[in-house]
Amino acid sequence: MAVMVAAPLVVRRGENGQPAAAVASAGAATQGGAAGFRPLSRPRMNRYAQPAATPHLLSGTRLRGGPVTLDQALAFGILSVTVGLFLWGRIAYDLVALLALLAGIVTGIIPADRAFSGFADDVVVIVASALLVSAAVARSGAVERLMRPVLPYLKTTATQVPVLAGAVLVASIFTKNIGALAIFMPVAFQLTRRTGTSASSLLMPMAFASLIGGLITMTGTSPNIIVARVRAEVTGQPFGMFDFTPVGLGIALAGIVFLAFGWRLLPRGRRAPSDAGPAIEDYTIEALVPEGAAIAGSDVAALEAMTEGRVTVASIIRERFRRFVPTPGWTIRAGDVLLLEGDPEELERIVARAGLRLAGEEGAEEANVVEGVVTAESPLAGSTAARSRLQQRFGLGLLAVSRRGHRITQRLGTLRLRAGDVLILRGSAAAISDALGELRVLPLTERAITLGRSRRSWLPLLVLLAAMGLVALHVVPVAIAFFGAAVVLLLLRTLSKHEAYDAVEWPVLVLLGALIPVSEAVQTTGGTDLIAAWLEGMVRYLPPLGALGLMMAIAMAVTPFLNNAATVLMMGPIAASLAQRLGLSPDAFLMAVAVGAACDFLTPIGHQCNTLVMGPGGYRFGDYARLGAPLTAIVLVVGVPLIALVWPLAGR
């Protein structure tokens, strides 16, 4: 079926489905198509290239080429239904993407030999690998250990917010933003217990900081990874790891300055989980004193002094059956089993510093306790503890539930749980470790899993830095570097096989793999040009900065409803085509889409980081706009001119 295009340029695909050379006038491909791009090391291919001397083929918002073709109508129909199903929200977004892919295959706009090419795309490998590496860094405790010397000085909300938000922002540069937030949420709760600060004053600024921190590198957030792929299709070369840094860093600096003071806009009186249910102050663990341990031969007072008295020795088991309640002068021997009580972070610290080894399941009489958030993908969402058979199937007891600071008046076993609920679960170490992933409950203090791993605490961070260094030096591509880092971390056993599979967000990967061919179909049928033509009719009388700002604003408005990955896949090619029609650089418009898709500060549903803090912070839907609306304006005001400065709009 013939495909109508809107400009004197025909884009053909080769037998393997990849873009073939564009047919255009001899000088146009290099003069008009390359306008506004930085010098590249190899020849580029621009499917949106438009000869510089060719006038815009628009009359109002209609193309001169004639009516919409059947292929374009089919592509728009599939796209419209897909967006409608995303907005409806009754069908899982990964299933919606699969339905869109199937519809494209059945209607013939997606060739059979290209139907599953999206699952082999580099972007899928990069996202999966980055998630796994982020999980390894989060579970290692390395970043938390770096924060410990600072914590005693954070006594007021005015000091806690900028330090925690800044720490999350920095961590988001190197790891996925959801992983960075998960690293520091236990630190925030530790501060709330020590100083009495409300968690609602800390968590939303931290979540927003994780979003703006992810803008700084390609692997910080999914939109950057995907837009790099879109640019590879447009120019033949993707964005590099640190091409996002100048713009992202400027936005991040402005954002963190605002958050340091803007937290006062949040409503007062929102209650944290500790205000709504029983406070679990201390955990109890069993730790064995092995031969050669640093603490062997010292007394109990010396052991407790390592944590400034925040961990106490509740009991000592000696010669298997003899139990003692020790005095401060009691000598600790190799072979002793210690029952230690204290804050989970301090327990981890003392296990590492004292050279202890956590006891196995056998003979462990004390149950471990973990606080966790029910995610939207959890089978517990919409179900009850009794119906899910938590005790029978997983060996977990439900001790407490917190729901946005509201009082719960019915029995916990019959309470229908919701996404965002904070649970306090009790069970053996094995039960918690195995069940949390299957239940999709994100732990806030995962010490049942990470205790005793301090000997490897720096390895994930070092492996991550090595991978980023290889990319920065152009030794290997991003996909290879992060895939290699993930494999190395698995070989080092910093994550178990179960933890590794659980760290990967499979629905997101399915969405990417399914929508990549759909996005390509919209482009190859000429649908992208049609949408760009309509948008040109809206922005033709605006200055270039106005057009750029409008593109960023549209991405911000769409991402809460479409998922940020889907937003970039759909809007990236449109933005590039619009830029070419306006005679501007696609690079700037692609950057605007990436920033807009990554920055949803107005709703709790636009990004997982926002959803994650809703329950623990006791937030309501409207609370996000209080802090998020000014931050959105700052991103637009700072981001648009900064993008134009770093990625010039006009050709050079």
Side-chain angles (χ1 to χ4, degrees), residues 139-141 144-145 148-149 151-152 186-187 189-190 193-194 278-371 395-397 399-400 424-434 443-457:
R139 293 173 189 266
S140 70
E144 293 177 65
R145 291 180 66 187
R148 284 190 182 122
L151 297 183
V187 179
F189 281 108
Q190 182 180 355
R193 290 192 293 267
R194 288 183 179 180
I280 307 296
E281 294 292 343
D282 292 331
Y283 288 79
T284 300
I285 63 168
E286 290 190 11
L288 174 68
V289 182
E291 293 289 343
I295 199 62
S298 300
D299 56 24
V300 169
L303 179 64
E304 294 179 345
M306 289 183 178
T307 59
E308 301 176 356
R310 289 192 287 270
V311 170
T312 59
V313 181
S315 178
I316 293 180
I317 303 173
R318 182 169 292 175
E319 299 173 0
R320 298 185 63 183
F321 302 109
R322 302 177 64 187
R323 296 175 181 269
F324 304 94
V325 178
T327 61
W330 189 285
T331 301
I332 298 172
R333 302 177 185 173
D336 284 350
V337 175
L338 311 179
L339 290 181
L340 304 177
E341 294 181 351
D343 180 88
E345 285 79 13
E346 298 300 338
L347 287 172
E348 181 182 7
R349 180 183 181 185
I350 200 169
V351 166
R353 292 187 61 187
L356 305 177
R357 186 170 68 241
L358 289 179
E361 297 175 27
E362 298 77 14
E365 299 178 1
E366 297 294 329
N368 290 319
V369 177
V370 64
E371 299 173 31
L396 298 180
L399 300 183
I424 299 178
L425 300 170
R426 181 178 63 185
S428 68
I432 292 176
S433 176
D434 292 336
L444 299 181
T445 50
E446 291 183 274
R447 299 306 174 250
I449 299 174
T450 59
L451 274 173
R453 293 192 175 185
S454 296
R455 63 185 182 278
R456 294 189 186 131
S457 62

Note to self: Test of understanding: with side-chain contact (heavy atoms from CB on, under 4.5 Å), list the residues that count as partners of Ser298, not counting sequence neighbours.
What the structure shows: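 Listed in chain order: Ile295, Ala302.
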Margin query: Assess the residue pair Leu288 and Leu356 against the criterion (side chain to side chain contact (heavy atoms under 4.5 Å, CB included)); give the C-alpha distance rounded to whole Å, side-chain angles, the decisive distance to 0.1 Å, and a yes or no.
Written below: CA-CA 6 Å; Leu288 174 68; Leu356 305 177; over 6 Å; no
Notebook entry, point to check: Can you list every pair that meets side chain to side chain donor-acceptor pair (under 3.5 Å) and has a residue in residues 327-339, with sequence neighbours left out?
Noted result: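 Applying side chain to side chain donor-acceptor pair (under 3.5 Å) to every pair that reaches into residues 327-339, excluding sequence neighbours, yields Arg318-Asp336.
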Next item on the list: Using modelled atom types only, decide if a donor and an acceptor are shared between the side chain of Glu304 and the backbone of Val313 within a distance under 3.5 Å.
Entry: yes
Note to self: Are the side chains of Asp299 and Ile332 in contact, using a 4.5 Å heavy-atom criterion?
What the structure shows: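 Ile332 does not reach Asp299 side chain to side chain.
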Item checked: Shortest non-hydrogen contact from Ala334 toward Ala296 ->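 In this case the closest contact between Ala334 and Ala296 is N-CB, 4.2 Å.
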